[in-house]
Amino acid sequence: MTEVKSATGESLEHGRPIVFRHGLVMTMDRSHRLINDGDVLVVDGEITAIGPNLAAPESALEIDASGGIVMPGMIDTHRHMWQTAMRGYGADWTLSQYFVWYYLQHGRSFRPQDIYAGNLLSALEAVDAGVTTSVDWSHGLQTIEHADAAVDALEGVNGRFVLAYGNIQRGPWEWSTEPGFVDFFQRRFDGAGGRLGFQIAFDVTGDPSFPEKAAFEVARELGVSVTTHAGVRGATGDDSIRLMHEHGCMGPHTIFVHASTLSDDSYQRIAASGGYASVSTESEQSAGQGYPSSWKLRQFDIPISLSHDTSVWWSADLFTAMRTTIGADRARQHLEAHLKDETVTNLDLRCEEVVHWATRGGAAALGLDNKIGSLEVGKRADIVLLKNDYSPVMFPIVNPYGHVVMQAQRNEVHTVLVDGDVVKYEGRLVGVDLARARQVTDETVTYLADTLGAEAWGDGMHPEVPERQKRENPYQYTK
Ligand SMILES: [Zn+2]
């Protein structure tokens, strides 16, 4: 590897020991220990010591974390990375408009290089925002060439990724049972370990013949998890959950994305099977899957992880995910109380729990809890330093969890480590060719705009606005 240097000339080469000094260390270990003025030492990609005034090898890169928070890398369990090349295009969509655009009209137009472009940009954006692990819910893989392009992009960025293989253009019982699918898995993932994981991604429609069973069986044979959009109003509901449960297709690492419009019976089935939820509050709030589900999931003790879903609408940082999720959860607590003419005197959900969902919750959902998700000796060094000496937002830090959830933003992500490698330092991505990401993304946008034509391009972005109903007002007021 060529030597990578920071803007100030500091060597950031792979394998160099690193020590964070004098930070507020938010360990997210089992007791959620906070250490003021603490150090974190990283050797060979592993966290080897945490505490005050640590001895470090002479060769170590010393990072001044004073005034900052050292926390575990954040984990996103559901993002459609291929859609990032269309960043913001669907900002005013509903879920049905999204389905029409991608599933019915234009999803087929995406070539392997377009999947590559979206994935590359999304991967860079993730690590830049301190999201060190992302599940690439990649349901635009129409061919194996598309899938190879997706993995090529993920392998080109210094982050931790899980390819959740999917294809919305055909049934999962079709594509997952073809020899090319297993060949692809064996060629790119089997025994690979390291920073790249694999899941199978598809939705269960509720068809009583349960054709998806074949895809669950493939997942079981390969020893990989299934991730599925569940509890999505108008698309997947209680029948989907019941079929999975009755056919024995739920497992401890099945991830139920959204899980919003479901009956108590479905939540009980998920809880009993040991399933995990991925809550995408920004998505559920504006697309219409149902009310963001954390308030309900908590009642049934279903473990929660967070996700952002897609950049075709929303932001891809977990600060926003944490903030919108706690807001929606608390709004529901107030609303439920107000419906009974009661007032909430103490909030139920605390910032500390939401930071857990963004870090350790994601690690648990992915079966990586023994490796990442917290700052503990022996774990891999996926670490984020929130620090910005030029920002009035970073002082005072009197409530660390409250600070991370309610105050911090991408601008505060100073340094990011993945597996002990420095991927962002002093606020800038390291060893990254952003110009190339811009170029391939521009090519995709130009190609899609040309393919659609100006009218369809504009209509797709600006759906019709319904007529606004104005209420009669009996009052007049004149001074
Ligand atoms: Zn999704």
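Both ligands and their constituent atoms are indexed starting at 1 by order of listing. As a basis for the values below, the full set of heavy atoms in this structure was taken, side chains included, without hydrogen atoms, waters or symmetry mates. Numbers for residues simply follow the sequence, beginning at 1.
Residues satisfying the salt bridge (charged side-chain N to carboxylate O under 4.0 Å, His left out) criterion with Arg298, sequence neighbours excluded, are Asp329, Asp348. The ring pair (Phe, Tyr, Trp, His ring centres under 6.0 Å) check on Trp173 picks up nothing, with sequence neighbours excluded.
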Please list, one pair per line, the donor and acceptor atoms closer than 3.5 Å that link side chains of residues 450-461 to other protein atoms, with sequence neighbours excluded.
| from | atom 1 | to | atom 2 | distance (Å) |
| --- | --- | --- | --- | --- |
| Thr451 | OG1 | Tyr447 | O | 2.6 |

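A ring-centre distance under 6.0 Å is not found for Trp175 and Phe184.
Take the Zn ion (ligand 1) and draw a sphere of radius 2.8 Å; the protein N/O/S atoms inside it number 4.
Salt bridge Arg160/Asp419: present, at least one basic N to carboxylate O contact under 4.0 Å.
Geometrically, Arg350 does not engage Tyr401 in a cation-pi contact, judged by NZ or CZ lying under 6.0 Å from the ring centre and within 45° of the ring axis.
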